[in-house]
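Here's the structure we're looking at; comments come further down.
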2 protein chains.
Amino acid sequence: MIKIDSTTQTCSNCPIRPRAICSRCTGEELDELGKIKYYKTYSPGASVVLMGDPMTFVASVVSGVATLSRSMADGRMQMVGMLLPSDFIGRPGRDIASFDVTAVSELTLCHFHKRAFEKVTSSTPHVQERLVEIVLDELDATREWMLLLGRKTAREKIASFLLICARRLGTQEGESLQMSLPLTRDAMSDYLGLTIETVSRQMAALKRDGVLVLEGTRKVTIPDLNRLLDEAGDDSDGATLP
Amino acid sequence: MIKIDSTTQTCSNCPIRPRAICSRCTGEELDELGKIKYYKTYSPGASVVLMGDPMTFVASVVSGVATLSRSMADGRMQMVGMLLPSDFIGRPGRDIASFDVTAVSELTLCHFHKRAFEKVTSSTPHVQERLVEIVLDELDATREWMLLLGRKTAREKIASFLLICARRLGTQEGESLQMSLPLTRDAMSDYLGLTIETVSRQMAALKRDGVLVLEGTRKVTIPDLNRLLDEAGDDSDGATLP
DNA sequence: TGGAGAAATTGATTAGGATCAAGGTTTGCC
DNA sequence: GGCAAACCTTGATCCTAATCAATTTCTCCA
């Protein structure tokens with residue numbers, strides 16, 4: 001029987017957070033799943049799946065960071081999503097991966113066999129409904145990202161990225177907010193549709209202007225979240241992560 | 001009882017194409033829906049829903065073209081999707097619209113009350129499954145579009161757009177392919193993350209280079225689809241429409 | 001059929017980010 | 001601790017697409 005640890009918001013029987021899949025699970029529905037899970041670890045840079053590969057599993061991120069991306073024949077590539085702990089990888093009903101999944105840090109996934117997973121979801125209406133919701137959330141976040149890619153300036157893109165990271169990874173520290181960036185400058189440039197040089201320059205500019213404080217290259221402090229929000233040029237504060 | 005007209009691939013009882021929602025409906029599941037549908041017409045430029053509005057219906061496009069878009073406080077906007085006949089508008093389980101829907105031509109929608117629709121879907125597993133699939137398709141198309149917005153040149157963007165239009169709207173005409181563009185230059189620029197001037201110039205360039213033939217401003221002939229595919233710089237030929 | 005307004009094209013100029021090219025810093029490992 | 005490789009920053013220059021500014025071409029209705 002699956003229990004939800006309401007403190008950590010993490011399902012105690014599996015690393016899939018309630019918001020990811022089992023928010024309404026009170027009982028045995030996912031029990032079978034718990035029995036068939038297995039863990040797998042990937043080193044930084046390792047490929048989890050390649051576009052076109054058969055997808056025989058669904059999984060959730062236990063620890064580390066992974067990216068979703070698509071690339072062109074000549075090597076240009078665009079990240080289309082970033083996966084943090086508790087995020088879900090998988091396409092119920094789909095057999096072929098439609099993008100690359102790559103580990104950007106030491107990454108641990110909790111796998112489930114896709115068929116078994118599908119068996120559970122298809123026989124459990126509320127899990128099915130939750131799936132539609134998850135995918136709709138992803139779609140919303142992805143469309144938000146389209147606005148960023150198509151219309152925002154480099155500075156706004158960086159600010160938006162920091163904002164998204166702050167929302168998911170930031171910890172309050174008195175007035176300000178602290179976090180450790182999940183991506184290298186290089187991966188950031190892939191995500192934002194920029195070059196690494198532009199990312200570096202704009203980070204420097206935001207630092208110079210007091211929007212952020214950098215300690216080393218990854219540790220970021222945001223002294224004033226509203227200031228960052230302004231810089232991101234965002235209407236909606238519902239920005240989430242594709 | 002819903003019947004599927006296999007010739008037109010259109011459900012005879014409602015204008016939702018089988019691929020959109022009821023490909024496996026052989027019987028009464030959607031019967032109730034057929035009774036409660038109603039049609040509504042919008043003139044060009046009219047707003048169907050605005051971001052943040054309560055969404056009390058789901059609908060499908062009967063005729064005309066609509067766009068999905070998001071905009072920033074200062075007026076910059078980005079189209080995030082284009083809806084052609086048979087496409088589906090709606091977010092089962094969602095009460096608030098997360099983008100604007102606008103008619104770009106005379107537009108007729110077939111509406112269903114959302115609650116009634118949800119009742120049908122939630123009690124019909126295979127319709128539920130189909131819903132997940134529809135949203136996953138949209139997600140794939142949207143991610144494909146992210147690659148375009150983030151990494152393609154203006155010329156490649158135009159070529160990609162033409163390719164997508166050709167796939168959905170083109171009619172074989174001997175060796176070549178003909179179609180009528182569904183969007184104005186202005187709407188194209190919104191879709192592609194460009195300005196209207198750049199769209200115009202690149203269309204002219206592609207015409208000059210023999211990739212397309214223009215008759216008036218909307219009628220396009222593609223003499224060689226492979227040439228266009230090259231210009232679009234696309235790996236996958238699975239490009240679909242967000 | 002003519003004319004007005006919308007839509008599209010074309011030209012000149014500018015600017016934001018890419019590219020090319022060195023240097024600096026971290027990080028990790030022996 | 002020292003070294004190498006990866007990662008990051010900074011500078012100079014270039015180029016693509018944006019911006020500003022007129023026309024020109026459609027469209028559609030009186």
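Since the structure is predicted, the reported quantities are computational estimates derived from the model, not experimental observations. Sequence lines set the chain letters: A, B, ... in the order given, protein chains first and strands last, and positions in each chain run from 1.
For A:Glu197 and D:dT13, the CD to P distance is 16 Å, given to the nearest whole Å. For B:Leu192 and D:dA17, the CG to P distance is 12 Å, given to the nearest whole Å. Distance A:Lys152 NZ to C:dG16 P: 18 Å, rounded to the nearest Å. What separates CD of B:Glu156 from P of D:dT16 is a distance of 12 Å, to the nearest Å. One interatomic measurement links the two molecules: CG of A:Leu194 to C1' of D:dT16, which rounds to 15 Å at whole-angstrom precision. One interatomic measurement links the two molecules: NZ of B:Lys207 to C1' of C:dA8, which rounds to 11 Å at whole-angstrom precision. Between B:Ile196 atom CD1 and D:dA22 atom P there is a gap of 18 Å when expressed in whole angstrom units. Between the CZ atom of B:Arg201 and the C1' atom of C:dA12 there is a distance of 9 Å, given to the nearest Å.
You'll find the side chain of B:Arg70 stays beyond 4.5 Å of the side chain of A:Met146, heavy atoms only. B:Arg76 has its side chain within reach of A:Thr153: a pair of non-hydrogen atoms, C-beta onward, lies under 4.5 Å apart. B:Thr171 places a side-chain heavy atom less than 4.5 Å from the side chain of B:Gln178.
Within the nucleic acid shown, A:Gly193 comes within 4.0 Å of sugar-phosphate atoms alone, with no base atom in reach, counting heavy atoms only. Looking at heavy-atom distances under 4.0 Å, B:Thr184 makes contact with sugar-phosphate atoms alone, never a base.
An OP1 or OP2 oxygen of C:dT26 is reached within less than 4.0 angstrom by no side-chain nitrogen or oxygen of A:Thr217. For B:Thr198 and D:dA17, the shortest distance from a side-chain N or O to OP1 or OP2 is not below 4.0 Å.
Of the candidate nucleotides D:dT9, C:dA8, D:dT19, D:dT9 has the atom nearest to the side chain of A:Arg185. Comparing atom distances between the A:Gln202 side chain and each of C:dG17, D:dT10, D:dA17 picks out C:dG17 as nearest. For B:Ala154, the listed nucleotide lying nearest its side chain is D:dA17; candidates were D:dC26, D:dT10, D:dA17.
Panel note: side chain B:Ser105, backbone B:Val65; a donor-acceptor pair is recorded below 3.5 Å. Checked by atom type and distance alone, the side chain of B:Arg151 pairs as donor or acceptor with a backbone atom of A:Leu194 at under 3.5 Å.
In terms of position on DNA chain C, the residue among A:Gly216 and A:Arg155 whose nearest nucleotide sits closer to the 5' end is A:Arg155.
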